Amino acid sequence: MKQYIFIFSTHHQQPVLWEEVIIANGMMDACIKAKKLCRQYEHEKQIPIRVQYKGVRYCNEDIA
């Protein structure tokens, strides 16, 4: 599993930026989850939200 980092931003009167980490198996899975999260935020806040891909972080899992 990888951690995909996306930047969400609003371009309203007071712009707001925040990062979300999405755990997914692949890039396509992460993009689908990010779009779904974006729609949820737009519905809650009633303002348009922009999503931008920032990078990927690999999870280190101990196998014992």
Side-chain angles (χ1 to χ4, degrees):
M1 296 288 259
K2 298 176 190 172
Q3 295 178 351
Y4 292 88
I5 303 166
F6 289 88
I7 298 173
F8 290 80
S9 60
T10 63
H11 296 288
H12 203 54
Q13 293 172 352
Q14 291 181 327
V16 178
L17 289 167
W18 71 95
E19 290 184 358
E20 290 283 341
V21 176
I22 298 174
I23 299 171
N25 290 321
M27 185 63 171
M28 190 62 129
D29 186 32
C31 287
I32 291 169
K33 289 180 180 181
K35 284 183 181 182
K36 191 176 190 180
L37 197 57
C38 181
R39 278 186 251 132
Q40 179 183 347
Y41 286 148
E42 285 179 341
H43 182 69
E44 289 174 4
K45 298 178 186 291
Q46 299 295 321
I47 54 174
I49 296 177
R50 185 174 173 221
V51 180
Q52 184 178 1
Y53 173 72
K54 182 177 178 183
V56 65
R57 187 177 349 161
Y58 295 90
C59 297
N60 295 328
E61 296 180 12
D62 293 335
I63 301 173

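The analysis underlying the following values was restricted to heavy atoms, covering all of them including side chains, and did not include hydrogens, waters or symmetry mates. None of these values were measured; they are calculated from a predicted model.
For the residue pair Ala24 and Ala30, the shortest heavy atom distance occurs at CB-N, 3.7 Å.
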(Q) Walk me through whether Tyr4 and Glu20 qualify under side chain to side chain donor-acceptor pair (under 3.5 Å). (A) CA-CA 8 Å; Tyr4 292 88; Glu20 290 283 341; over 6 Å; no

_One pair to check against side-chain contact (heavy atoms from CB on, under 4.5 Å): Ile5 and Arg57. What are the steps and the verdict?_
CA-CA 8 Å; Ile5 303 166; Arg57 187 177 349 161; 3.3 Å; yes

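Between the side chain of Lys33 and the backbone N or O of Ile23 there is at least one donor-acceptor pair closer than 3.5 Å. Distance alone, capped at 3.5 Å, is enough to place a donor-acceptor pair between the Thr10 side chain and the Val16 backbone.
When hydrophobic residues (I, L, V, M, F, W, Y) are linked wherever their side-chain heavy atoms come within less than 4.5 Å, the members clustered with Ile32 are Met28.
In this structure, CZ in Phe6 is found 4.5 Å from SG in Cys31, a value given to the nearest 0.5 Å.
In summary, the aromatic rings of Trp18 and Tyr41 are positioned with their centroids under 6.0 Å apart.
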Counting only pairs under 3.5 Å, give me each side-chain donor-acceptor contact of residues 45-54, with atom names and distances, residues two or more places apart or in other chains.
residue : atom : partner : partner atom : Å
Gln46   : NE2  : His43   : O            : 2.6
Lys54   : NZ   : Glu19   : OE2          : 2.4

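Hydrophobic clustering places Ile22 together with Met27 (ILVMFWY residues linked when any side-chain heavy atoms are closer than 4.5 Å, directly or through intermediates).
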